[in-house]
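Before any comments, here is the structure.
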Amino acid sequence: MAALDRIDTFIVDVPTIRPHVLAMATMRAQSMVIVRLTDGDGVEGIGEGTTIGGLSYGEESPESIKSAIDTYIAPILQVCDLSRVRATMARIGRSVRGNHFAKCAVETALLDMAGKRLGVPVSELIGGGRVRSSLPVAWTLASGNTARDIEEGEAMLEQRRHRIFKLKIGKREVADDVAHVGAICKALAGRASVRVDVNQNWSEAQAVRGMAMLHDVGVELVEQPVARDALDAMARLSGTQAVPLMADEALNGPRSAFRIASAAAGGVFAVKIAQSGGLHPASEVAAIATAAGIGLYGGTMLEGGVGTVASAHLFASFPELAWGTELFGPLLLTEEILATPLRYADFELAVPDAPGLGVTLDEEKIARFRRDSAAPVIHAVA
Ligand SMILES: O=C(O)C[C@H]1C=CC(=O)O1
Ligand SMILES: [Mn+2]
């Protein structure tokens, strides 16, 4: 029996290296909720629950994630055997509806503890175990300026850090966005894969026009062009457009994955641990996709090092990962909150093989950036 001894939940606000322009918000900082659990034997586990742009991306905010953990999940953890991760999460699921990001943070911390107790990396505890030790990583070009994006893409290729680029569109007129994307495709042609993310900002009519034009300029994948609940439109677009449609915001765990797969509403799934409600439900999302012949992409909520490495452990268990991952979150931040930064080299992220998540927090940085110290709070603005 591993009993909870201590729980510490806190928000860390870290500036981004440049404004990150998305359809729904411009990020100038990322707010990460970190949960740290310690059991009676002194085994510690860390987890992260992070969203994008406050409440502009989804239904959970950094503040609601922290409050769900402290007010409703912590009392349940007090009566659970923390070494039994799935049983503990099932117990939480009976008392806490939704709140997937909060649940993901807690499940991650439990898996970190379980891995340390058993002496194995988290990737051996989920989805049947690890099948790869490094993952291809995309970078998002989202400075808001075409020339700067091309310069950034060139630098990433030169450093051999990324050769898959995701462009954030949907904020401007369709034709203006296509011109921006087309210029980047032309500049990087033959050297990189270019994809776009519309973050739900198109109507079906705009998507019909936009996806055809994007295919013509060389885009390989269009992510969540229409609203997350517009499954009929997603199915029509998937069935008629040459460029594959990737579901992102529409995916909120295994049931939504099954609905999207059944409706043939996407040819690719962006699997995200937070949106799915944790690593285990995300593994089920991946299994449904694979069974349905849907391609896999390892998605991110632009988490810091903890959420990123947790995602990496899960994605390392995917036998099929046709579209790679976008686990670049820590690289978008001015400061690394891990004691030893994650290793990015030769266009891939190395998956740690030490027990648990295989990472530790940089305590000095945490003390400096935690919101409940004197650190300033910079909110994302539209
Ligand atoms: O996919 C999203 O919508 C969120 C995120 C992932 C990469 C990025 O730049 O933003
Ligand atoms: Mn997306």
Side-chain angles (χ1 to χ4, degrees), residues 16-32 48-60 100-101 104 135-144 148-149 152-153 156 161-162 164-171 177 181 184 193-202 207 214 219-230 234 244-252 256 260 265-276 282 285 295-304 307-308 311-312 315 323-333 344 349 380:
T16 55
I17 54 173
R18 56 150 168 75
H20 199 58
V21 184
L22 292 79
M24 82 305 276
T26 296
M27 295 170 62
R28 292 184 170 78
Q30 181 56 303
S31 301
M32 300 164 273
E48 176 179 346
T50 294
T51 186
I52 291 171
L55 276 172
S56 64
Y57 194 101
E59 281 141 8
E60 285 171 84
H100 282 188
F101 288 62
C104 179
L135 303 160
V137 182
W139 175 257
T140 298
L141 297 171
S143 71
R148 181 155 179 204
D149 282 356
E152 207 174 281
M156 297 304 178
R161 227 179 63 181
H162 309 278
I164 304 171
F165 298 107
K166 167 157 140 175
L167 278 45
K168 288 288 188 180
I169 62 170
K171 207 174 162 170
D177 269 342
V181 176
I184 294 174
S193 169
V194 177
R195 298 118 184 237
V196 303
D197 190 354
V198 191
N199 284 117
Q200 313 185 71
N201 255 40
W202 281 345
L214 288 169
V219 166
E220 294 186 352
L221 191 60
V222 174
E223 183 172 342
Q224 201 64 57
V226 294
R228 65 180 184 179
D229 55 357
M234 287 168 66
L245 184 153
M246 178 156 78
D248 175 10
E249 286 93 326
L251 282 165
N252 288 289
S256 62
I260 297 166
V268 184
F269 279 4
V271 182
K272 293 185 172 177
I273 60 169
Q275 254 172 214
S276 300
V285 168
L296 292 183
Y297 179 67
T300 183
M301 288 303 295
L302 301 176
E303 289 102 335
T308 297
S311 302
F315 304 156
W323 297 88
T325 78
E326 56 184 15
L327 293 179
F328 68 87
L331 302 172
L332 189 64
L333 305 179
Y344 293 87
L349 163 66

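One-based numbering, in listed order, for ligands and for the atoms of each. These figures come from a predicted structure and were not determined experimentally.
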For the Mn ion (ligand 2), give me the closest N/O/S atom belonging to [X], just the atom name.
X	value
Asp248	OD2
Glu223	OE2
Asp197	OD2

Which protein N or O atoms sit under 3.5 Å from any N or O of ligand 1? Give atom names and distances.
unit_1	atom_1	unit_2	atom_2	d
ligand 1	1 (O)	Lys166	NZ	2.9
ligand 1	1 (O)	Asp197	OD2	3.1
ligand 1	1 (O)	Glu223	OE2	3.2
ligand 1	1 (O)	Asp248	OD2	3.1
ligand 1	1 (O)	Lys272	NZ	3.2
ligand 1	3 (O)	Tyr57	OH	2.8
ligand 1	3 (O)	Lys168	NZ	3.1
ligand 1	3 (O)	Asp197	OD2	3.0
ligand 1	3 (O)	Asn199	ND2	2.8
ligand 1	3 (O)	Asp248	OD2	3.2
ligand 1	9 (O)	His20	NE2	2.8
ligand 1	9 (O)	Thr140	OG1	2.9
ligand 1	10 (O)	Lys168	NZ	3.3

Just do the side-chain contact (heavy atoms from CB on, under 4.5 Å) check on Trp202 and Ile169 with the steps written out, would you? CA-CA 10 Å; Trp202 281 345; Ile169 62 170; 3.9 Å; yes
If we ignore hydrogens and angles and just use 3.5 Å, is the side chain of [X] paired with the main-chain N or O of [Y] as donor and acceptor?
X	Y	value
His100	Gln275	yes
Thr26	Val21	no
His162	Val137	yes
Lys166	Val196	no
Thr325	Pro136	yes

Is the distance between the Mn ion (ligand 2) and the nearest N/O/S atom of Glu249 smaller than 2.8 Å?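 Given the 2.8 Å cut-off, Glu249 does not count as a ligand of the Mn ion (ligand 2).
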Quick one: do Glu326 and Lys168 make a salt bridge, cutoff under 4.0 Å?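 Here Glu326 does not pair with Lys168 in a salt bridge, since their nearest N and O are not under 4.0 Å apart.
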Listed by chain and number, what are the side chain to side chain donor-acceptor pair (under 3.5 Å) partners of Gln224, not counting sequence neighbours?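 Per chain and number, Gln224 pairs via side chain to side chain donor-acceptor pair (under 3.5 Å) with no residue.
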